[in-house]
Amino acid sequence: MPELIEVEAYRRVAERAVGRRIDRVHAQDSWYCKGVEPRTLEAAMCHRTLTGARRKGKLLLIDTDGPVLGLRFGMTGRLLIDGTGPIDRLLYSSGRDDPAWHRFTLGFAGGGGMTVIDPRRLGGVELDPDTERLGPDAATAGAAALRDLLVGSTAPLKTRLLDQSRLAGVGNLICDEALWRAGLDPARLAGSLSPAEARRLHRHLRATIALLSERGGSHTGDLQIERTRDGRCPRCRLLLDRRTIGGRTTFSCPRHQC
DNA sequence: CCGGATGTTCACCT
DNA sequence: GAGGTGAACATCCG
């Protein structure tokens, strides 16, 4: 589930833990520790004090007086602080809290802690993540950045928007919703957009992120309830196209998106 | 029972 | 080099 909007919600709860000191670390799942041994990760984080929580795209960055901890949530990862989190259940995952799904935990001196729960193990934890591999964050990227992302590309528009190395944070749901609102066909070649279309896309992408954030998640778009067999355009009730673009299921209106 | 699902990475093609 | 496809991770839901 987690796209930029959900990770931003996680960031805000993580911020509550700033100033607290870590006195135990459980990194039992070696698969979940990316590019680092669990024991190394535990030793690196233990006895550190949290100094901040940042986000770039779907990557949550926990700052300490030592290393930076990077958290990725995949499709089913949730973050709990002191046993509660901003999101109780995700679209494709139950709200159950099976202890076997606790993939990583920081325990704080004086009680409480931060836990990553991830049934499918599609997320991961890393030490000092390379944020340069990610493009500018979609929530704040300017029109010029979006234009640079599109120009000269022969890839489908949607594929380009989902490319985290070029634009960070947009997932499948935000992408379809923004393209629907902008009236742009996801299959259009990215490089074929006119400057006016690129500006329109930028405006609608930012507006979509703001709106869905306000509504409470990536899954709250108008197109969302129609993301099913025989789904219809919320605007004109025409049967939506259902295609695979960039390896992802894609819904679009054949009349409103061109 | 089967297929597909908000993500990322990698191997292997064209 | 640029894109595309399919697999892998593991669980839930229709």
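To find a chain, count down the sequence lines: A is the first, B the second, and so on, and within it residues start at 1.
A:Val18 is not listed as a side-chain neighbour of A:Asp63, based on a closest heavy-atom distance of 4.5 Å or more. A heavy-atom distance below 4.5 Å is not found between the side chains of A:Leu61 and A:Arg55. A:Asp176 places none of its side-chain heavy atoms less than 4.5 Å from the side chain of A:Gln224.
The shortest distance between the side-chain N/O atoms of A:Trp31 and the OP1/OP2 oxygens of C:dC9 is not below 4.0 Å.
One interatomic measurement links the two molecules: CE of A:Met75 to P of B:dT9, which rounds to 15 Å at whole-angstrom precision. In this structure, A:Leu162 places its CG atom 15 Å from C1' of B:dT9, rounding to the nearest Å. Atom CZ of A:Arg78 is separated from atom P of C:dC12 by 11 Å (rounded to the nearest Å). We find that CG of A:Asp130 is positioned 15 Å from C1' of B:dT8, with the value rounded to whole Å. Distance A:Lys34 NZ to B:dT8 C1': 9 Å, rounded to the nearest Å. Between the P atom of C:dT11 and the OH atom of A:Tyr32 lies a distance of 13 Å, rounded to the nearest Å. Residue A:Arg120 contributes atom CZ, which lies 12 Å from atom C1' of C:dC13 at whole-angstrom precision. Going from atom CZ of A:Arg229 over to atom C1' of B:dG3 covers 13 Å, rounded to whole Å.
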Could you list the protein-to-nucleotides 3-6 of chain C atom pairs, N/O on both sides, closer than 3.5 Å?
{"residue": "C:dG3", "atom": "OP1", "partner": "A:Ser153", "partner atom": "OG", "Å": "3.3"}
{"residue": "C:dG3", "atom": "OP1", "partner": "A:Thr154", "partner atom": "N", "Å": "3.1"}
{"residue": "C:dG3", "atom": "OP1", "partner": "A:Thr154", "partner atom": "OG1", "Å": "3.4"}
{"residue": "C:dG3", "atom": "OP2", "partner": "A:Arg160", "partner atom": "NH1", "Å": "3.2"}

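Other residues, nucleotides and ligands place more than 12 heavy atoms under 6.0 Å from the CZ atom of A:Arg235.
A:Phe73 has its ring centre less than 6.0 Å from the ring centre of A:Tyr10.
If you run side-chain hydrogen bond (donor to acceptor under 3.5 Å, both in side chains) between A:Ser252 and each of A:Lys158, A:Arg242, A:Arg243, A:Gln257, only A:Arg243 comes through.
Looking at heavy-atom distances under 4.0 Å, A:Arg242 makes contact with sugar-phosphate atoms alone, never a base.
Annotation: C:dG6 and B:dG3 have their P atoms spaced 14 Å apart (nearest Å).
Side-chain proximity of A:Arg133 to the nucleotides B:dT8, B:dT9, C:dT11 is greatest for B:dT9.
Under a 4.5 Å side-chain heavy-atom criterion applied to ILVMFWY residues, the cluster that includes A:Leu223 comprises A:Trp180, A:Leu240, A:Phe251 as well.
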